[in-house]
Asker: 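Dropping a structure here in structure tokens format, bear with me for questions.
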Amino acid sequence: MSAKGESYAEILEARGISRGDFLKYCSLLSVYLGLSASMVPRVVKAMETKSRIPVIWLHGLECTCCSESFIRSSHPIAADIVLNMISLDYNDTLSAAAGHQLEAVRKQIMKDYKGKYILAVEGNAPVKDNGVYCMVNGESFLSVLKETAADAMAVIAWGSCASFGCVQNAKPNPTGATPVHKIIRNKPVVNVPGCPPIAEVMTGVIAHYITFGSLPELDRLKRPRTFYGTRIHDKCERRSYFDAGMFVERFDDEGARNGWCLYKMGCKGPTTYNACSSIKWNEGTSFPIGSGHPCFGCAAPGFWDNGPFYTRLADIGFVGTDSTADKIGAVAVGGAAAGMAAHAIGTAVKKARDSKPEPTEVEEG
Amino acid sequence: MTTMYEEQYVWRLPVRVYHWINAAAITVLFLTGLYIASPLMSSPPGEATWYHGMAWIRLIHFATAFIFIANFVFRLYWALFGRDNYARFAGFTPWKPAWWGQPFKDQLASYLFIAKEEPNYCGHNPVAALTHFLFVFCGSFFMIFTGLAMYGENNPGGFIDTLFGWVVLLFGSSFAMHTVHHLVAWVFPVYLVLHLYAVVRHDVVDKSSVTSSIITGYKHRVEQCPELFAD
Ligand code: HEM
Ligand code: HEM
Ligand code: SF4
């Protein structure tokens, strides 16, 4: 915790990063944040002068893939800066300290930086049975979360678990897993969904906070617009194949070899908001669709319940079966037709009976 | 009760024009919609820039959607303000218990073969009005709202997204909304089966020329015309 109070520039200098590299990093960051070139000096200034923000990083019901992604931030110096940008004072998977010692650190930060620290939450909290399904240090994660959020300046919900629930709250959600924004209602919460989110997106959200002192502009689902403003489909490199109607039909067909659109393989790109198709993964190397695999919508709410992953239409639980919208619809039309046919026969029978004594239809009605 | 033996002008021209635009639009929307969900044809190998198959189908769906919406809005206007006794909403008051009274029961009883009488209406009979309300009115409303919300996604933060984007939240995710838009689309073919059957049957049973009425505007041999909707 010794570095707290130092600015980012000072830390980088101490680490032997040149001024040129520092400026390059700031420009890159501005691009990620969707800022115009004229804003770069502002980013540089913020990085030079503002002191680091203490962060408490909690882990609830999760798999730690967000942390894994975060520490793999791709830009050469970003890899270094990431962990230095924020003073990550408490992170149960990354800290050297453990056990009571670590808990003491958390309490200390909450006291020293009351109302000034950021709470980053990875994973969500099961709320059923008083939260017994996720215990940290003998306490339920639910209460740890509430306690730590109480004095936080803002809350960042890392990943789909914390943002929307992910696999933990897929039907039937036995533990009552609940996303962070439904538990913490009186603090600004930003959702950074994805399983995991892209490292640059994670850094970008924090950088925005440092530069402007506020959370980035959010959309209706509390996601930063800069990164989640458009669908993967909108910037997908295979989009021209979609518009052309050239689709992969099987994973080993001609279309697959030629990089055609994966829509018919169940691609959820058209309904998923994330930056995969623009920022990409692993130093901009590729992303699922770039590697020939359909997007399965890991950044979309409820994606586990919209399966199967490899078909275009979702299974809809309908009177105990797994159907698609088309099957249900076809059965309904068939039912209506059968009903009408039966009714027609009924009409004919009735008419025949009615017309026996007196065959005049005019009186009817 | 009024008794009539002559032909009667029931559907005025705007209603007839509306009807056929509506029928055509629904047919196109349903077919292109299913195609969007599962594009059957795949373009032959080549460069993507040579073809526009999917883009065209989507464009047709969206363009037809706006015709459908305009037509629907016109019908609402006509129902509320049009000087038209038969195509108004004025009599449709299902929130009043009286609406569910004798005329409704009689019509239902006749459809279910419980009653021998076949009531005959100049405009819509109450059972038909209810079916129209559920399938056509609610169904169209639903398709329009979910459709516009999806359409807005093409331009996030734009006009349509600002107005209708909140609809997505009702369904949790964009994908879930696609699924319900798709599911409710099937309401229209179900309605079509009921509708065409009812039309043909009325023609056969009470010879009131309903079938041609939506083209010519005239119904025939309407013997009795209970003034159900008079307040
Ligand atoms: C009778 C009315 C309509 C029917 C039967 C219909 C049918 C459909 C169907 C079956 C789909 C495919 C859904 C899926 O599985 O993803 C669809 C997609 C869509 N519809 Fe409609 N629709 C109707 C009206 C509208 C309206 C009024 C709009 C408004 C603009 C609209 C806009 C859309 C959009 C934006 C899509 C998504 C296209 C895409 O993802 O590429 N629809 N429609
Ligand atoms: C031979 C074919 C048809 C005949 C004789 C016929 C007849 C009629 C009549 C008499 C009405 C009541 C008019 C009104 O209230 O506006 C009506 C309404 C309606 N018809 Fe048809 N119809 C036919 C085909 C179709 C088709 C193919 C469709 C759709 C695909 C359709 C959709 C509708 C709808 C949606 C309404 C409700 C209109 C409203 O809002 O009032 N009809 N039809
Ligand atoms: S691969 Fe997926 S995201 Fe890319 S164009 Fe096709 S459907 Fe859209």
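Below, chain A is the first sequence line, B the second, and so on; all start at residue 1.
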Asker: With chain A, which of B:Ser173, B:Ala198, B:Ala176 has the greatest number of heavy-atom pairs at distances under 4.5 Å?
Answerer: B:Ser173

Asker: Where on A:Arg238 is there a heavy atom nearer than 4.5 Å to chain B: the side chain, the backbone, both, or neither?
Answerer: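 The answer is neither part of A:Arg238.
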
Asker: What are the two closest non-hydrogen atoms of A:Ser163 and A:Val192, and how far apart are they?
Answerer: OG-N, 3.3 Å

Asker: Please classify the contact between A:Phe164 and chain B as side chain, backbone, both or neither, with a heavy-atom cut-off of under 4.5 Å.
Answerer: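 Neither part, no heavy atoms under 4.5 Å.
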
Asker: Which label fits A:Phe309 and A:Phe296: parallel for a plane angle under 30°, tilted from 30 to 60°, or perpendicular past 60°?
Answerer: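 Plane angle under 30°, so parallel.
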
Asker: Where does A:Asp326 contact chain B at under 4.5 Å (heavy atoms): side chain, backbone, both or neither?
Answerer: both

Asker: Does any backbone or side-chain atom of B:Leu169 lie under 4.5 Å from a heavy atom of chain A? Answer side chain, backbone, both or neither.
Answerer: side chain

Asker: As a quick check of understanding, evaluate ring pair (Phe, Tyr, Trp, His ring centres under 6.0 Å) for B:Phe145 and B:His181, giving each step before the final call.
Answerer: CA-CA 9 Å; B:Phe145 272 74; B:His181 187 79; over 10 Å; no

Asker: Quick check: closest heavy atoms across B:Asp161 and B:Gly152, and the distance to 0.1 Å?
Answerer: CB-O, 3.5 Å

Asker: Can you say whether A:Tyr263 sits under 4.5 Å from chain B via the side chain, the backbone, both, or neither, judging by heavy atoms?
Answerer: side chain

Asker: Between B:Leu40 and chain A, with a heavy-atom cut-off of 4.5 Å, which part of the residue counts as in contact: side chain, backbone, both or neither?
Answerer: backbone

Asker: Could you walk me through whether A:Cys195 and A:Cys166 pass the side chain to side chain contact (heavy atoms under 4.5 Å, CB included) test, one step at a time?
Answerer: CA-CA 8 Å; A:Cys195 190; A:Cys166 207; 4.0 Å; yes

Asker: B:Phe137 vs B:Phe72 aromatic rings, parallel, tilted or perpendicular, using cut-offs 30° and 60°?
Answerer: tilted

Asker: With only heavy atoms counted, which part of B:Asn154 is less than 4.5 Å from chain A, the side chain, the backbone, both or neither?
Answerer: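 Both parts, backbone and side chain.
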
Asker: Using the ring of each side chain (for Trp, its six-membered ring), is B:Phe30 parallel, tilted or perpendicular to B:Trp186, with breaks at 30° and 60°?
Answerer: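 Ring orientation of B:Phe30 relative to B:Trp186: perpendicular.
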
Asker: Between B:Tyr197 and chain A, with a heavy-atom cut-off of 4.5 Å, which part of the residue counts as in contact: side chain, backbone, both or neither?
Answerer: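 The side chain, not the backbone.
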
Asker: I'd like to know if the side chain of A:Asp253 reaches the main chain of A:Gly255, judged simply by a donor and an acceptor atom lying under 3.5 Å from each other, with no hydrogens or angles considered.
Answerer: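 Flag set: sc A:Asp253 to bb A:Gly255 pair under 3.5 Å.
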
Asker: Against chain B, work out which of A:Gly297, A:Gly302, A:Ala336 has the most heavy-atom pairs shorter than 4.5 Å and name it.
Answerer: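 Sorted descending by pairs with chain B, the first entry is A:Ala336.
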
Asker: B:Leu34 versus chain A, heavy atoms under 4.5 Å apart: side chain, backbone, both or neither?
Answerer: side chain

Asker: Please determine, among B:Ser38, B:Ala185, B:Pro156, B:Ala37, the option with the most heavy-atom pairs under 4.5 Å with chain A.
Answerer: B:Ala37

Asker: Quick one: of A:Ala332, A:Ala244, A:Gly245, A:Ala344, who has the most non-hydrogen atom pairs under 4.5 Å with chain B?
Answerer: A:Ala244

Asker: Hey, can you tell me if B:His132 and B:Tyr191 have their rings parallel, tilted or perpendicular (30° and 60° cut-offs)?
Answerer: tilted

Asker: Is atom NZ of A:Lys222 surrounded by more than 12 heavy atoms (other residues, nucleotides or ligands) closer than 6.0 Å?
Answerer: no

Asker: Could you have a look at A:Gly229, A:Gly339, A:Ala330 and say which one has the most heavy-atom pairs with chain B under 4.5 angstrom?
Answerer: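 Going by pairs under 4.5 Å, I would pick A:Ala330.
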
Asker: Chain B heavy atoms under 4.5 Å from A:Arg312: which part of the residue, side chain, backbone, both or neither?
Answerer: both

Asker: With a 4.5 angstrom heavy-atom cut-off, which part of A:Asp234 approaches chain B: side chain, backbone, both or neither?
Answerer: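 Just its side chain gets close to chain B.
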
Asker: Give, as side chain, backbone, both or neither, the part of A:Ala341 having an atom under 4.5 angstrom from any heavy atom of chain B.
Answerer: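 Looking at A:Ala341, nothing touches chain B.
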
Asker: Begin from the C-alpha positions of A:His208 and A:Phe227 and carry the test side chain to side chain contact (heavy atoms under 4.5 Å, CB included) through to its verdict.
Answerer: CA-CA 12 Å; A:His208 189 282; A:Phe227 302 110; over 6 Å; no

